[in-house]
Peer 1: 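My questions will all concern the structure given below.
Just follow the structure's listing: the first ligand is 1, and inside any ligand the first atom is 1.
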Amino acid sequence: MTRFAFFNGKIVPIEEAKVSVMTHALNYGTGCFGGIRGYWNRAHEQLYVFRMVDHYRRFLQSAKLLLMELDYSAEELVEITVDLLGREGWTQDCYIRPLAYKSTEGIGVRLHNLEDGLTIFSVPMGDYLPVDHGIRLGTSSWRRVDDTAIPARGKISGSYANSALIKTEAQFNGFDDALVLNQDGHVSEASAANFLMVRNGKLITTTISDNVLEGIVRSSVLQLAQEQLGLPVEERPIDRSEVYIADEAFLCGTGVQISPVISVDHRTIGNGEVGPVVTQIQKLFFDIVRGNDPAYGHWLTAVPQRELVMG
Ligand code: PMP
């Protein structure tokens, strides 16, 4: 189990990484976070972290949206994380959570004139949604937060109340996750993952101005589809009904990885089986993240293990 956290500028035992109930971010959602995966390669006896510097660049951008001044560059945050993971010594897949938060203890909703805190911790993590058989989505009765309300391109703590409403409604209704629409009725994404579909030999996803997180896996998949599969890629608004007639659909993200969608609102996608394009993308993705595809080795950070703890 987790033993350490980076907290108040240093690595401390996890029990010491605590905040007060009066913390601003706990009361008002004025925090932002990242979600990064580490993959354990048994044959290499090595933990690989996927696109860590890109995750930290986006993390710093989310912090900027909240008027936060963090004293670290993306590269420094990578170094701190490597140090933290080396001490944890994971020998299994894990998930890394950097969290920046308005740490002032007191009442008064605003962004300015507040202290900023930063913590990073990691936990073991397997698959968040099934990746081998397909998942079922239902269109949410909730709409996605709009850039005019809380910017969805930032991973802002408060906006995850929207994601939580969406996820719980979907599961209470018997679905695995939801297809979430924007105020204008176009598709945005799922509760915590980007949405992509295949139609007529093209890979199609929403534009980033459709209130989606600028997903790191999304941009990786778009790049791989073009470079490795020679698939044309379209970023454009998607109608709900267009999803029903897609040949294939899937969610992607750090948590869900590549998760094939086999039905939406009880309509079968394609023939209801996991399709050929998503199968190829899954294979590429899992080979890369686990360190088995040297062509994309530059997307990985290998973590030197300080001490080995069997997971
Ligand atoms: N959208 C939302 C709302 C998310 O929470 C996530 C997970 N971070 C994603 C998309 C996927 O982003 P990424 O590929 O960077 O993990």
Peer 1: For Tyr160, counting its heavy atoms only, list the atoms of ligand 1 lying under 4.0 Å from any of them.
Peer 2: 2 (C), 3 (C), 4 (C), 5 (O)
Peer 1: Tell me which protein heavy atom sits closest to atom 1 (N) of ligand 1, plus the residue, atom name and distance to 0.1 Å.
Peer 2: Glu189 OE1, 2.7 Å
Peer 1: If the threshold is 4.0 Å, N to carboxylate O, is there a salt bridge linking Arg144 and Glu189?
Peer 2: yes
Peer 1: Looking only at heavy atoms of Ser191, does any of them come nearer than 4.0 Å to an atom of ligand 1?
Peer 2: yes
Peer 1: Got an N/O contact under 3.5 Å between Glu214 and ligand 1?
Peer 2: no
Peer 1: Among all protein heavy atoms, pick out the one at the shortest distance from atom 16 (O) of ligand 1; state its residue, atom name and that distance to 0.1 Å.
Peer 2: Thr254 OG1, 2.5 Å
Peer 1: To check your reading of the model: name the closest protein heavy atom to atom 8 (N) of ligand 1, its residue, and the distance in Å.
Peer 2: Lys155 NZ, 2.7 Å
Peer 1: Given side chains that start at C-beta, do those of Leu196 and Leu203 come closer than 4.5 Å, heavy atoms only?
Peer 2: yes
Peer 1: So Leu77 and Leu60, do their side chains get closer than 4.5 Å, heavy atoms only?
Peer 2: yes
Peer 1: Can you tell which part of Ala190 has a heavy atom less than 4.0 Å from ligand 1: side chain, backbone, both or neither?
Peer 2: neither
Peer 1: Using a strict cut-off of 4.0 Å, indicate which atoms of ligand 1 neighbour a heavy atom of Gly215.
Peer 2: 12 (O), 13 (P), 14 (O), 15 (O)
Peer 1: Looking at side-chain heavy atoms only, is the closest gap between Gln171 and Ser191 below 4.5 Å?
Peer 2: no
Peer 1: Considering non-hydrogen atoms of the protein only, which is the closest contact for atom 6 (C) of ligand 1, and what is the distance?
Peer 2: Ala192 O, 3.2 Å
Peer 1: Between Asp93 and Arg290, is there a side-chain heavy-atom distance shorter than 4.5 Å?
Peer 2: yes
Peer 1: Taking the inter-plane angle between the rings of His266 and Phe175 on a 0 to 90° scale, is it parallel (under 30°), tilted (30 to 60°) or perpendicular (over 60°)?
Peer 2: tilted
Peer 1: Quick one: sort the Tyr48 and His44 rings into parallel, tilted or perpendicular, breaks at 30° and 60°.
Peer 2: perpendicular
Peer 1: My understanding is that only one of Arg110, Lys102, His24 makes a side-chain hydrogen bond (donor to acceptor under 3.5 Å, both in side chains) with Thr30; could you say which?
Peer 2: His24
Peer 1: For Arg58, counting its heavy atoms only, list the atoms of ligand 1 lying under 4.0 Å from any of them.
Peer 2: 12 (O), 13 (P), 15 (O)
Peer 1: Which residue holds the protein heavy atom closest to atom 14 (O) of ligand 1, what is that atom called, and what is the gap in Å?
Peer 2: Val217 N, 2.9 Å
Peer 1: Between ligand 1 and Ala193, can you find any atom pair, the residue atom being a heavy atom, that is separated by under 4.0 Å?
Peer 2: yes
Peer 1: State the atoms of ligand 1, each with its element, that fall below the 4.0 Å cut-off from a heavy-atom position in Arg144.
Peer 2: 3 (C)
Peer 1: Tyr72 and Phe59: aromatic ring centres closer than 6.0 Å?
Peer 2: no
